[in-house]
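All chains are named by letter (A, B, ...) in the order of the sequence lines, taking the proteins before the strands, and each is independently numbered beginning at 1. Just so we're clear, the structure is a prediction, and the values are computed from it rather than from any experiment.
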Amino acid sequence: MKKSILLLMLVSLSALTFGQDAKYMAAMEKLVGALDTTTEEAGMVKLNNGFERIAGANPKEWLPLYYQSYCNIMIGMRQADNMKKDEYYDKAESLINKADSLSPDNSEIYVVKSFVTSMKISVDPATRGQKLGMQSAALNGKAIQLNPENPRAVFLRGSGLMYTPAQWGGGIDKAIPVLEDALVKFKSAKYENKIVPHWGEETAKQMLDQCHKQTPETK
Amino acid sequence: MRKLFTLIFTLSALLTAAQTTTITGVAKDKDGHGIPGVNIFIKDTYDGTTSDNDGKYSFTTEETGQKTLSATFLGFVPFEQPILLDGKTHTVNIAMKEAVNELKTVTIAAGAFEASDEKKMVMLRPLDIVTTAGSSGDIYGALQTLPGTAQVGEKEGLFVRGGDASEAKTYIDGLLVDNPYFTSVPDVPQRGRFSPFMFKGTAFSSGGYSAQYGQAMSSVLILESQDLPDESSLNIGVMSVGVSLGKIKRWKNTSLAAFGGYNDLGPYFSLVSQNRDWINTPRAANGSLMFRHKTSKTGMLKAFVSYSWNNLGLAMPDTSDPLLVQKFNFQLENQNVYSSASYKEIILKSWTLNAAISYSNNLDNFKFNSYPVKHTNSLIESRASVSHGIGQLSIIRFGGEYQKVNDETAVYNSLFKEDYAAGFAEADIYVTSKLVGRVGLRAENSAAINKMNLAQRVSLAYKTGEFSQVSFGYGDFYQVPDKNYLLSYKSTEFKFEKATHYILNFQEVTEKRTFRVEAYYKDYSKLFFLPTLEGKLTPGNTGSGYAQGFEFFYRDKKTFSRGDFWLSYSYLDTKRLYRDFPVEATPTFAPKHTASVVFKYFFPKISFAPSITYAYSSGRPYYNPNNPNFLGDRTRDFHNLSLNLTYLTSIGKSFTVLVFSINNVPGIKNVFTYNYSSDGSHRYEVGAPSPRFFFFGVFINVGSQKDDSDKYN
């Protein structure tokens with residue numbers, strides 16, 4: 001009798017904790033799945049809000065913060081006003097730093113750190129380029145160093161090279177092999193579940209196409 | 001047994017029974033407009049929603065009991081309200097408050113010009129200083145393109161709103177710098193000692209500045225040194241005038257940087273003709289060490305030590321020779337040490353502590369013809385201040401500083417000593433985010449003149465529109481009279497010299513355009529004066545004067561998509577009766593009209609950035625002993641056109657900057673002043689040291705492009 005009550009308690013307890021995990025996974029899967037198909041700003045805002053709620057309920061998880069940061073970058077990119085852009089990029093930066101403190105030395109987090117830094121440069125390249133350019137490249141370098149197989153880290157490097165003028169060590173010629181390498185890494189990448197970062201492949205493809213289109217002109 | 005199970009199941013069923021609460025309402029801003037995109041949710045749960053285009057929202061939750069309803073949206077203060085989830089429908093209308101935001105908050109602006117990377121809306125960025133044509137990479141050179149400063153070509157220093165160079169002081173990390181320029185050389189203006197790359201923030205005040213600073217009747221230049229550098233680097237510079245080397249090593253929380261340089265103008269002077277007769281062409285060597293350590297998340301320790309040496313010799317017309325044919329030889333060897341340490345940390349949760357000390361020592365070995373004169377000057381300074389935020393915006397700060405000066409000119413055997421102590425208290429009181437008042441008090445004591453003063457400073461600023469504001473500034477500014485007078489007239493009772501500023505400012509700063517207009521009145525009193533009364537020289541603080549004027553500044557980055565230009569104009573009307581003036585007159589350093597136009601352009605495809613600066617100044621008074629009207633003559637107008645070409649590239653993996661600049665492109669023959677022989681029969685013109693100045697430099701950041709893209713090629 002006592003045994004069976006104990007057993008029952010154990011079962012319900014594990015069901016409870018399993019329930020928590022399952023709830024987290026389900027909620028994340030839904031949002032991360034939607035992220036792959038969302039393009040307009042209002043949808044991104046909804047996703048951002050969803051990730052914010054999950055982050056609040058799961059203060060030890062880095063992924064909701066990571067995605068919330070990513071959403072803020074996406075929303076920022078869709079702003080017309082530079083000051084608004086900056087507000088979103090600042091927010092994205094503080095979120096990814098928070099994620100970094102929960103999961104240090106995470107290649108994916110360094111990718112977003114570098115990404116947001118590049119976006120900040122795009123707001124005012126003339127004054128920010130020199131300082132933040134080096135910072136962004138260093139963060140990107142760390143992302144690759146932490147996981148050389150991370151396709152997003154390689155993709156970001158390729159995109160960085162594409163937008164960097166040749167005399168600064170960038171250029172389309174240099175970007176093409178890196179983007180090609182990124183696509184190889186995207187193909188071979190294995191994802192343990194549906195909520196770990198897996199974005200970027202489509203954009204990398206588009207960027208490579210764009211590079212190929214531009215090459216004849218530059219040559 | 002069965003009963004027990006039933007009981008357990010009933011209980012658990014009861015516990016998990018879906019009790020649904022609905023929460024609905026509208027999220028609005030302070031004007032009652034709905035805000036779309038607001039995240040409204042039960043705190044620490046998954047339950048919530050996003051407001052629609054009209055700010056309306058509605059969601060359900062199965063949570064129960066006392067919880068918190070949260071609403072967040074970027075740019076607004078997070079909203080929180082307790083809510084009892086009881087299975088009913090609740091209507092909660094949410095009034096979102098706009099977050100305090102640098103861009104939406106009024107700032108104290110009267111008299112202020114700021115260059116910062118960290119703040120969003122400043123008129124300049126530190127990089128602007130370096131890339132301004134005509135500045136020659138010198139902070140003080142760049143400041144001369146801003147309103148309020150005069151173009152004075154015959155000597156160094158900031159001449160602000162009718163004030164002479166001694167009325168403008170330079171502070172680094174809160175500490176006064178006693179010798180910010182290289183030692184003065186007759187008729188050859190000197191550069192600032194410190195590289196503009198050392199600083200992350202530059203605040204230039206042309207009046208009405210904070211009670212934190214003193215002993216400057218006109219202006220303060222507040223420089224804030226860089227924090228931890230981003231990464232290790234090695235920098236090499238090769239210039240037409242010398243070489244420089246810098247090595248920065250960065251650890252996680254610590255950095256150490258070493259810089260060294262050697263300049264020799266000899267080779268350059270042998271190629272390009274000069275207007276001066278050099279007997280020893282200028283040579284200079286310098287070395288410095290910079291240490292940074294992040295002591296905690298919020299703590300920063302900085303230490304800096306630099307040594308520099310320079311040597312030059314110049315032959316100029318001897319004014320004691322009526323025909324100005326004989327030469328007077330001026331030779332100088334200077335050694336300068338500047339060291340400082342500062343510490344910043346947040347203590348007791350919300351108080352920011354700033355503490356700093358410095359020691360500097362300057363040694364000049366002059367030779368006037370063959371006559372040696374040794375001049376030494378040392379300054380020990382300490383400073384501590386605390387500041388504390390009140391509410392979201394208001395802030396109080398107070399602190400004190402102490403300076404000990406020893407200044408000795410060996411040949412005259414004259415020793416000047418000063419023990420100076422000051423304390424200040426200041427509060428920035430935000431009535432709303434649109435209205436701020438700053439009140440400050442500063443008390444100073446000078447042992448050299450054995451006097452004390454109490455100065456009040458008041459500023460008000462009101463935001464008149466989204467990007468515009470008006471400011472008013474008022475304050476008293478005291479200064480100990482020039483030490484040479486203190487030494488020469490020892491029996492005199494000295495007082496502080498005094499200036500009172502009244503400033504009215506309007507500015508509109510948007511991201512791409514800045515417009516600023518400022519008018520001021522400056523009243524000088526108790527200036528040191530040497531009148532002859534009843535045939536007797538009567539030194540004392542009986543001089544006076546005034547300066548009044550207005551200034552425009554317009555900067556535009558919008559009209560030309562990759563171009564950036566600024567225009568500045570200053571009108572100055574000033575007269576003073578001081579020192580050895582026989583009558584009230586406009587001093588030599590005060591032109592009536594000053595204007596400058598700076599234009600910068602960037603070609604991103606070829607990474608090429610040309611910049612051009614035109615500077616104008618109406619003729620300035622000069623002393624002509626033959627004119628009974630004291631300082632009644634004016635030089636001809638001053639014009640200067642400078643060009644700066646910057647090309648960014650890479651050599652191998654090293655980011656490289658090539659700079660070529662020409663000062664005075666058309667070779668206009670400017671006359672800054674005239675020097676007369678002692679009997680007034682002959683004079684010579686003092687113009688620029690050379691018709692044009694060419695500069696070429698290559699600056700290499702070795703191996704900065706650490707990309708491994710090579711492995712793909």
Side-chain angles (χ1 to χ4, degrees), chain A residues 1 4-5 8 12 23-24 27 41-42 45-50 52-54 56-59 72 75 81-84 86-88 90-91 124-135 137-138 140-141 144 157-158 160-161 164-170 173-178 180-181, chain B residues 1 4-5 8 12 36-50 53 70 72-75 101 103 117 120-121 125-128 230-231 233 511-512 557 562 564 600 602 604-607 609 647-650 652-656 701 704-713:
Chain A
M1 176 64 225
S4 53
I5 290 178
L8 190 77
S12 56
K23 197 175 169 190
Y24 169 73
E41 186 186 336
V45 170
K46 273 188 188 156
L47 290 175
N48 167 73
N49 290 350
E52 184 181 24
R53 294 195 288 268
I54 301 178
N58 299 276
N72 273 281
I75 301 167
D81 181 49
N82 276 343
M83 288 184 229
K84 272 274 164 229
D86 261 341
E87 272 187 69
Y88 281 103
D90 284 346
K91 177 80 183 172
D124 188 359
T127 48
R128 297 180 186 179
Q130 203 180 344
K131 192 180 172 186
L132 293 186
M134 279 196 220
Q135 218 173 70
N140 196 173
I144 295 182
R157 160 139 312 154
L161 287 169
T164 307
Q167 55 274 61
W168 297 42
D173 292 354
K174 282 193 174 175
I176 288 174
V178 183
E180 279 168 351
D181 185 46
Chain B
M1 182 71 222
L4 189 65
F5 272 111
I8 287 169
S12 55
V38 179
N39 195 10
I40 301 127
F41 57 100
I42 303 299
K43 203 180 174 187
D44 301 334
T45 75
Y46 291 63
D47 301 336
T49 190
T50 297
N53 275 336
S70 282
T72 59
F73 191 62
L74 195 71
N101 171 325
L103 305 176
D117 271 332
K120 294 242 157 84
M121 288 310 230
R125 298 285 174 199
L127 200 63
D128 292 331
D230 291 325
E231 53 182 21
S233 66
E511 197 205 341
K512 301 256 176 191
K557 294 197 252 188
R562 297 192 189 285
D564 173 7
K600 300 179 186 188
F602 183 59
K605 279 238 164 93
I606 50 170
S607 296
Y647 176 64
L648 311 165
T649 185
S650 54
K653 286 194 163 297
S654 306
F655 177 67
T656 302
N701 190 195
S704 49
Q705 282 155 6
K706 282 190 224 96
D707 76 68
D708 44 9
S709 57
D710 279 1
K711 76 177 186 200
Y712 300 100
N713 293 325

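Once rounded to the nearest 0.5 Å, the distance linking CG of A:N48 with OG1 of B:T50 reads 8.0 Å. The distance from atom CD of A:E52 to atom CZ of B:F41, rounded to the nearest 0.5 Å, is 4.5 Å.
In this structure, A:A57 and B:D44 approach most closely via the heavy-atom pair CB-O, 3.4 Å. Closest heavy-atom contact between A:R53 and B:Y46: NE-O, 3.4 Å.
A:N58 touches chain B through its side chain: at least one heavy atom from C-beta onward sits under 4.5 Å away, while N, CA, C and O do not. For chain A, no part of B:N53 is nearby; none of its heavy atoms comes within less than 4.5 Å. Heavy atoms closer than 4.5 Å to chain A are found nowhere in B:S233, neither backbone nor side chain.
Every residue meeting the side chain to side chain contact (heavy atoms under 4.5 Å, CB included) condition with A:E41, not counting sequence neighbours, appears here in chain and number order: A:V45, A:I75, A:R78, A:Q79. Partners of B:K557 by salt bridge (Lys or Arg N to Asp or Glu O under 4.0 Å), not counting sequence neighbours: none found.
Formation of a donor-acceptor pair under 3.5 Å by the A:N49 side chain with backbone atoms of B:I40 is not found in this model.
Chosen from A:A137, A:G56, A:A42, A:A27, the residue pairing most often with chain B at heavy-atom distances under 4.5 Å is A:G56.
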